[in-house]
**Student:** 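Below is one structure. I have some questions about it.
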Amino acid sequence: METKNKNIRTFAQHLDKRYGEPGTKERTNFEIKAKSFAIGELIKEERKLVKMTQEQLADKIGAKKSFISRIENGHSDIQLSTLFKLVEFGLGRKINFTIQ
């Protein structure tokens, strides 16, 4: 596979070139969106493990199916209380946070 810039050798270098150095506004926005997407993927994976549809999960927490879909696709910025409701009440799982 041919690359446009021969000087880019790592994924970190690619991110630096495309979104700026860590700490810049553009890079921070990218990282927030990437983490929202990752959280959505985790929720989707857990939902499938407990054999629930988006609609069933939405009904269980009093939300709409479209809301669950937006979260799973990384298109919704959810509050922590909603995240806990989804994971702990809706899916019967536990959340642990680590701050580094």
**Student:** Any heavy-atom pair between the side chains of Leu83 and Ile71 that's under 4.5 Å?
**Tutor:** no
**Student:** I'd like to know if Ile68 and Leu42 are part of one continuous hydrophobic network [Ile/Leu/Val/Met/Phe/Trp/Tyr, side-chain heavy atoms within less than 4.5 Å].
**Tutor:** no
**Student:** Distance from Leu91 atom CG to Leu57 atom CG, nearest 0.5 Å?
**Tutor:** 5.0 Å
**Student:** Angle class for the Tyr19/Phe30 ring planes (parallel below 30°, perpendicular above 60°, tilted otherwise)?
**Tutor:** parallel
**Student:** Just wondering, do Glu46 and Leu49 contact through their side chains at under 4.5 Å, heavy atoms?
**Tutor:** yes
**Student:** Mind checking what makes ring-ring contact (aromatic ring centres under 6.0 Å, His included) contact with Phe37, not counting sequence neighbours?
**Tutor:** none
**Student:** Over all heavy atoms of both residues, which pair between Met52 and Lys60 is shortest? Give the atoms and the distance, please.
**Tutor:** CE-CD, 4.1 Å
**Student:** Using a cut-off of 6.0 Å, state whether more than 12 heavy atoms not belonging to Asp77 lie near its atom CG.
**Tutor:** no
**Student:** Suppose we screen for side chain to side chain donor-acceptor pair (under 3.5 Å). Which residues come up paired with Lys65, at least two apart in sequence or across chains?
**Tutor:** Gln54
**Student:** Would Arg27 and Glu31 count as a salt bridge (Lys or Arg N to Asp or Glu O under 4.0 Å) if you check the C-alpha gap in whole Å, the side-chain angles of each, and the deciding distance to 0.1 Å?
**Tutor:** CA-CA 6 Å; Arg27 179 67 170 265; Glu31 289 175 356; 3.0 Å; yes
**Student:** Between Glu41 and Lys44, does at least one N-O distance fall below 4.0 Å, as a salt bridge requires?
**Tutor:** yes
**Student:** Listed by chain and number, what are the side chain to side chain contact (heavy atoms under 4.5 Å, CB included) partners of Thr10, not counting sequence neighbours?
**Tutor:** Ala12, Gln13
